[in-house]
Student: 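Sharing a structure below in structure tokens format, with a few things to ask.
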Amino acid sequence: MSNLDDCLLKFEVPEIIHGEGSLAVVGECARRLGGERVLLVTDPGVIKAGWVDQAIKYLEAEDLKYVLYDNVVSNPRDFQVEKGVDLYLRKKCDVIVAVGGGSPIDTAKGIGILASNNGQIYDYEGCNRITQPVPPLVCLPTTAGTGADVSQFAIVTDTRRSMKMTILSRAIMPDISIIDPCLLTTLPEHLIASTGMDALTHAIEAYVSSLSWPLTDPHSIHAIKLASNHLLRATQTRDLSALTGMTVASLEAGIAFSNAILGAVHALAHPLGGLYDLHHGLINSILLPVVVRQNMEHAQDKFAQVARAMGVKSRGMEAKDLAAEVPEKITRLIENLGLPTRLSQLGVKKEDIPSLAVLAKEEVCMLTNPYHYNVAEIEHIYKEVW
Ligand SMILES: [Fe+2]
């Protein structure tokens, strides 16, 4: 990135199609992007839920050929991307359709990178390393949280180092995101809760990021409002209107963080996810209240706005006191969702904290946090929630 680029703010979004039943346009979208032969990237859980059969029906209705690639697990691995690229090239595919949560979508992005760029997936870790345009990508998210369907991020685990790599490039922004709230109706409650906490984390981190600006802030604040209003009900009742609210929360949070980037929660979460193969949303949920408490004095006015968006009555309160309500509100929400609150509950070992802190300090998401923590301060944050 040049010095000039460092001073510029950007705003990138894919084409977005949202609404109940929008899955039906997947074939039309793939066809419109010039596709003839689709690599359909998904995972066994989404197949079992029946959404892949539905998608195939709509691809066939457009006379599209397809190849299924379902060798994807939570926290997708480097070798799964490599196998997917091999299939894409052998079968002469020309468009990728990803149906699933963040893992199939990030795998699809990795496949796209290697299908048109040389080398290995490790070569693209960091910012703006992709030089060749990638194949067209259509995403159908089945969770409301990751924002991978509208973001220029891909997170892939480097199994050689047991580390999550962050790949950031406008080249991997999907072409079309089709968001059908009906796809969430088969999601287990605990995944609605943990992926929803990921969305809330995206919105808060993007809002206080050093790269936030007037095009990202309204999306962040609206996503915080929507998640505060809908996440608990979506988890407890699976009511379609609450699930729809969460799809918009996830969408707006995704748009915000893709353009404003993230912060210390994600910087601390990624090394944990790489080492222990834990659910990303669950780790964020545990880290969010303590990181907000630490970040508060560095972005007090913004956290006061977050408090208002979360429903704190602000009459007569000073910004400092309003901001202090945010970690309390988040903690109450996590308790009501029934999610774990300590890293030790997920099997994290205390002796790993020093090396995790070194990795978190260098994580790309730390660059846009309102305050740059040193390794000792990061260790302290991990220990506080251990
Ligand atoms: Fe995330």
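Just so you know, ligand 1 is whichever comes first in the structure, and atom 1 is the first atom listed for that ligand. Numbering of residues begins at 1 and proceeds along the displayed sequence. Heavy-atom basis, side chains included; hydrogens, waters and symmetry copies ignored.
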Student: With the Fe ion (ligand 1) at the center, what angle do NE2 from His280 and NE2 from His202 span, rounded to 10 degrees?
Tutor: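 It comes to 170°.
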Student: For the Fe ion (ligand 1), give me the closest N/O/S atom belonging to His266, just the atom name.
Tutor: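 His266's closest N, O or S atom to the Fe ion (ligand 1) is named NE2.
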Student: How long is the gap from CG on Leu33 to CG on Asp175, to the nearest 0.5 Å?
Tutor: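 So the CG of Leu33 and the CG of Asp175 are separated by 5.0 Å.
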Student: Please give the atom name: the N, O or S atom of Asp198 nearest to the Fe ion (ligand 1).
Tutor: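 Result: OD1.
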Student: Strictly distance-based, threshold 3.5 Å: is any side-chain N or O of Gln305 a donor or acceptor partner for the main-chain N or O of Asp301?
Tutor: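 Between the backbone of Asp301 and the side chain of Gln305 there is no qualifying donor-acceptor contact (under 3.5 Å).
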Student: Using the rule given for ring-ring contact (aromatic ring centres under 6.0 Å, His included), can you reason through Phe153 versus Phe257, listing the C-alpha separation, both sets of side-chain angles and the distance that settles it, and then say yes or no?
Tutor: CA-CA 9 Å; Phe153 279 78; Phe257 93 75; 5.3 Å; yes
Student: Is there a side-chain hydrogen bond (donor to acceptor under 3.5 Å, both in side chains) between His280 and Asn75? Walk through the geometry before answering.
Tutor: CA-CA 8 Å; His280 171 69; Asn75 298 320; over 6 Å; no
